[in-house]
Every structure is written in structure tokens, then in C-alpha cells.
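What follows is one structure encoded as C-alpha cells, with my remarks underneath.
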Amino acid sequence: MGAQARRPPPRIALIDGNSFYCACERVLRPSLEGRPVIVLSNNDGCAIARTAEAKAMGIPMGAPWFKIQHLQARGLVAISANFALYGDMSDRMMRVIGQFSPAQEIYSIDESFLDLTGLPGAGRDIGTQIRQRVLRWVGIPTCVGIGATKTLAKLANHLAKSLPRLQGVCDLSGLGPAELQRAIRHVPIRDVWGVGRRLAPRLEALGIQSAADLARTDGRVLQRQFSATLDKTARELRGEPAIGWEDAPVPKQQIMSTRSFGLPVRDLAELEQAVSLFTSRAAEKLRQQHSHAAAVQVFIRTSRFSAGPWHADSAVVPLGSPTDSTSVLLRAALSGLRSVFQPGFDYAKAGVCLLDVRPAVSVSMQGELFALDSGHAEKSALRSARAMAVVDRLNQRFGSRMVQVASALHEPDARWLMRQAHQSPSYTTVWGDVVEVG
DNA sequence: TCTGGGGTCCTAGGACCC
DNA sequence: TCTGGGGTCCTAGGACCC
């Protein structure tokens, strides 16, 4: 009876898209198949996704566009990022993956964890089915890694990507301790999830070169010399779950909207336009997750890369009571901006961050409103909430800049807007753009 | 000319309290 | 005279992730 009562061994899968943004572009422009393609960040600053063909040209992740532009002569295709398209493709991909298990955690735009514990079938078979279905139904190639913990699933996914003979699926679940050690002994420490560019050299200096080395390292040493987080990573590498599972998306605790400018900005009026737009965007995200913010932070800075006079500053403006109203947030953001703005600098970037984000409470619960003439305040808050809902619906329907509060309006050729020289049509999100046939 | 944007968690240290 | 030992809360900054 012991065998029947025992719980099945944990089995976590990590599924992610290969060169996801590039793959999205290829779904709708099949002529890009087989060609070196990169997707450029906002402002066409640097490469944020590369196909295998582009990697083979030696383009590293994050390569500045101005340094690799010349590769166009050798057939490189560069596309300005279209995040609306990628978000839409992501939703489709996640829905298909979610069909394989009731427990799914969407970790990023192109990655999701799936709990396969107790489901019938071998890991390899399930993984292969997931890959095939996502490719057929959505058009995105994926890899699947499976392990007893999230960290091992990530590591297995890394192996599935780098070892062609695995054909896109790697299952490390169900291995004994010795087999597991052997399976991960060639994975460099810098490729372990949770070890970044700062920790890797420090660990290597201690002789911890591989994932297997970290798994073997004494937890007390890791806690003392590094952190509790790294100790968790090591435990996960041994197959002991130390990182929790999030079935529902966790509401964000801060919401940012920030951009580098297309050209330097000296003018307060122009900065006000930009900050107004950032604030409306952030407020929209705030309302999408049904939250209120109690403070607004604004920051402006000159370029990190220019030799000119440097200035960076930020201000936090607390709000009387938490709100999701664009106009209230705007007033706070603009007053913050005016308090940090100094004339005579070439500003390269600005941003807005909503702080103290918390679940929205119903209007009548808010203390401050009782303190005032509650009837009047309540009515005006309700009116404001209804207006915001209408604005959000119109923007979702017709494009994000369709409706804005007055001070967020700007000329379509405003200097601070992003450069996006390589945009492809917004196939799935903008009316009038059509899918390439071919 | 030219180098993204958006998040999380943990820790150290100061202020304050008993 | 030299200089308690905790605890909590807050903030800034470091490190990581995609």
C-alpha cells in the first residue's frame, strides 16, 4: 500500500519558442524562412532576437545595430520590433500549450512552465506532441525541457536547444542522483538559470565551473559567501523544489513605461509630451490588472554614451489616495517632471514608474472620500472610472494612440518618438495590414 | 548619427523602539 | 565610565531574468 500512497515524482516542463520574435515575423512572411533575420529593439537600438542563420553570422545578443548594419550586404534582414504582434502570437501559443496540463505558469512572452506530474505518458512523448501541435497550429518552432524542478527544466531546455540529436526535447526527470550529475556536468555555470555575468566569474574562481559543481557545493558555503537565492538554485539542481509555482499571473507591484528618444530633447514642453504619453500607457496597464497606485516616479536622463554634460534625476510624488485615474496620475507625473528638469541638457530618455501598486478597492471604501463630501466625490470618481474604461476599450480596439487625454497629444512627427525604420506591417493587430501570401 | 524596456527578489544599513 | 542587544520598518542598490 506504500507504493500506492506515494506521490508521483515531480515533472516540470519548460516550453519556449526558438528565436521567438523572429519566428513570429516568419509566420507571416514565409519568404524569411532560411534567411538570417534579426529583430531590433525599440529605437532600432540593438538586436533582441536572432535566427540560427543570423547567429551563424556571428551576431551576438544585444549587438548595436550601427555595428552590424553592414551585414545587410550579406543578406541579413533586420525588422523593427512589433510587440503587439508578438503578444498576439504569444497568446495563441500559450493557449495551445495549456491544453496539455491544467497547471500552466506563463513565465515570459515566449516561455511557459507546465506541470506534468502524474500525467500519463513518457516525458519525451508529451514534449514531442507539444512541439508538433504548436508548430502546426501556431507556426512557432519550440523546444521542451523536462525536470524535477523549474531550474532543471530550464537546464533541460538549454540542452534540447544545443544538442541537435535530442530533436528539441530533453527529459531529465526520473534520473537518479548519479545519472543527473552526469547529465549536467558539461553545462557551464554561466548557463544555469539564476547565475548571471557577475556571479559566474566569482563561482569559477572557486572551482565551480559546471552545473554539476554547483549542485555539489555545500549550501552553508553558498549562503555565507553568496546568497540564499544561489543556495536555492543549487538545491533545485539536485532535484529539490525550492522555487514556487504561480498558477495565476501575480499582479505587478510596480508598472513602468519608459523610452529612449529618437533625438535628444532639451525642451520642457517636449518632455511633458513624452511623460504624458508614458503616464497614460502605465495607467492603462494599471487598470488592466485592476490595481491602484499610491505614488508616481518620474525620471529623466541624458545619454550614457554622449560626452556632453551629464544629468540624471528622478522624483517620487506621493498621491493623496491610491488611484487609477490617468488625469490624477498625469498631474503628479508632470509636477515631478518639473521638479527635476534642468534646462540646458540634451535628455536622451525619460520614464514613469507607478509605485505602491495594490488591488483596487471599491470607490466607497476609500477613506479620503468619506472625509470629503462623499456623495459628490463618489460620483466624480465613478464618472472618472467609466471614462477611463471607455478610453481603454477604444485604444484596444483601434490602436494604442487613438484616444489620449489632452496633454498626451503630440504631433505625429514629434522628435522624441522612436525611430522604427524597419517596421513590418502589424498583420494581426492593425486593420488594413494583410498577410503575405506565399 | 548610433547601445531596449520591463520586471523580480534579496540584502545591507539606517532610523527608531523597547 | 564607554558604548546592551534585540526587533521592525524602510530604502537604496545589487543581482538576476527575458
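Note on naming: letters A, B, ... go to the chains in the order of the sequence lines (proteins, then strands), and numbering restarts at 1 for each one.
- Comparing Phe226(A) and Lys252(A) along DNA chain B, the residue whose closest nucleotide (by nearest heavy atom) sits nearer the 5' end is Lys252(A).
- Each of Gln223(A) and Met61(A) was assigned the nucleotide of DNA chain B with the nearest heavy atom; the assignment lying further toward the 5' end belongs to Met61(A).
- At the heavy-atom level, Val39(A) lies nowhere under 4.0 Å from the strands shown.
- Nearest to the side chain of Phe66(A), among dG6(B), dG4(B), dT3(B), sits dT3(B).
- Atoms CD (Glu105(A)) and P (dT8(B)) sit 13 Å apart, rounded to a whole Å.
- Of the side-chain N and O atoms in Arg304(A), one or more sit less than 4.0 angstrom from OP1 or OP2 of dG4(B).
- At the phosphate of dG5(B), neither OP1 nor OP2 sits under 4.0 Å from any side-chain N or O atom of Arg281(A).
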* Starting from the C-alpha separation in whole Å, work towards a yes-or-no answer on side-chain contact (heavy atoms from CB on, under 4.5 Å) for Val357(A) and His292(A). => CA-CA 6 Å; Val357(A) 171; His292(A) 284 172; over 6 Å; no
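- With dT11(B), dC9(B), dG4(B) as the choices, the nucleotide that has an atom nearest any side-chain atom of Ala228(A) turns out to be dT11(B).
- Rounded to whole angstrom, the span from the CD1 atom of Ile109(A) across to the P atom of dG7(B) amounts to 12 Å.
- Distance, Trp65(A) CH2 to dG5(B) C1': 20 Å, rounded to whole Å.
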* Go through the steps for Thr142(A) and Met93(A) under the test side-chain contact (heavy atoms from CB on, under 4.5 Å), then give the verdict. => CA-CA 10 Å; Thr142(A) 54; Met93(A) 180 171 94; 4.2 Å; yes
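- Between the CD1 atom of Ile243(A) and the C1' atom of dT8(B) there is a distance of 12 Å, rounded to whole Å.
- Within the 4.0 angstrom heavy-atom criterion, only backbone atoms of the sugar-phosphate kind lie near Ser257(A); the bases stay farther away.
- Here Lys154(A) does not reach the OP1 or OP2 of dC17(C): none of its side-chain N or O atoms lies under 4.0 Å away.
- Rounded to an integer number of Å, the gap from Arg198(A) CZ to dC17(C) P is 13 Å.
- With both pairing distances under 3.5 Å, dG13(C) is matched to dC10(B) as a Watson-Crick or G-U wobble pair.
- If you measure from atom OH of Tyr107(A) to atom C1' of dG6(B), you get 12 Å, rounded to the nearest angstrom.
- Which of dG4(B), dC18(C), dG6(B) sits closest to the side chain of Met256(A) comes down to dG6(B).
- The separation between Arg197(A) atom CZ and dA15(C) atom P is 8 Å, rounded to whole Å.
- Candidate nucleotides dG4(B), dA15(C), dG7(B) were compared by shortest atom distance to the side chain of Lys285(A), and dG7(B) ranks first.
- Residue Ile255(A) has its side chain nearest to dG7(B) when only dG7(B), dC16(C), dC18(C) are considered.
- Remark: C1' of dT8(B) and CG of Leu354(A) are 17 Å apart, rounded to the nearest angstrom.
- Within the nucleic acid shown, Lys67(A) has no heavy atom closer than 4.0 Å to any nucleic acid atom.
- The phosphate of dT1(B) (OP1 or OP2) has no side-chain N or O of Gln69(A) nearer than 4.0 angstrom.
- If you check every strand for non-hydrogen atoms under 4.0 Å, Val250(A) touches nothing.
- The side chain of Ser260(A) approaches dG4(B) more closely than any other nucleotide in the set dA15(C), dC18(C), dG4(B).
- In this pair, Tyr347(A) and Phe341(A) present their aromatic rings tilted. The plane angle is within the 30 to 60° band.
- Closest contact between the side chain of Lys349(A) and the listed nucleotides dC16(C), dG6(B), dG5(B) involves dG5(B).
- For Trp193(A), the listed nucleotide lying nearest its side chain is dC17(C); candidates were dC17(C), dG4(B), dG6(B).
- Aromatic ring centres of Trp193(A) and Tyr107(A): separated by under 6.0 Å.
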* Show your reasoning for whether side-chain hydrogen bond (donor to acceptor under 3.5 Å, both in side chains) applies to Arg287(A) and Thr326(A). => CA-CA 10 Å; Arg287(A) 291 190 290 270; Thr326(A) 297; 2.9 Å; yes
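- Across all strands, Leu40(A) comes closer than 4.0 Å to no nucleic acid atom at all (heavy-atom distances).
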* Does the side-chain contact (heavy atoms from CB on, under 4.5 Å) test come out yes or no for Arg259(A) and Arg281(A), once each step is laid out? -> CA-CA 12 Å; Arg259(A) 289 288 183 283; Arg281(A) 288 272 168 80; 4.1 Å; yes
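- Cation-pi geometry between Lys349(A) and Phe261(A) is not met: the NZ or CZ atom fails to fall both under 6.0 Å from the ring centre and inside 45° of the normal.
- Taking the P atom of each, dC18(C) and dT3(B) are spaced 24 Å apart, rounded to whole Å.
- Look at Phe305(A) and the base of dT3(B); the rings stack, centres closer than 5.5 Å and planes less than 30° apart.
- Of the listed nucleotides (dT11(B), dC18(C), dA15(C)), dT11(B) has the atom at the smallest distance from the side chain of Ser227(A).
- Contact between the side-chain N/O atoms of Lys232(A) and the OP1/OP2 oxygens of dC10(B) is found at a separation under 4.0 Å.
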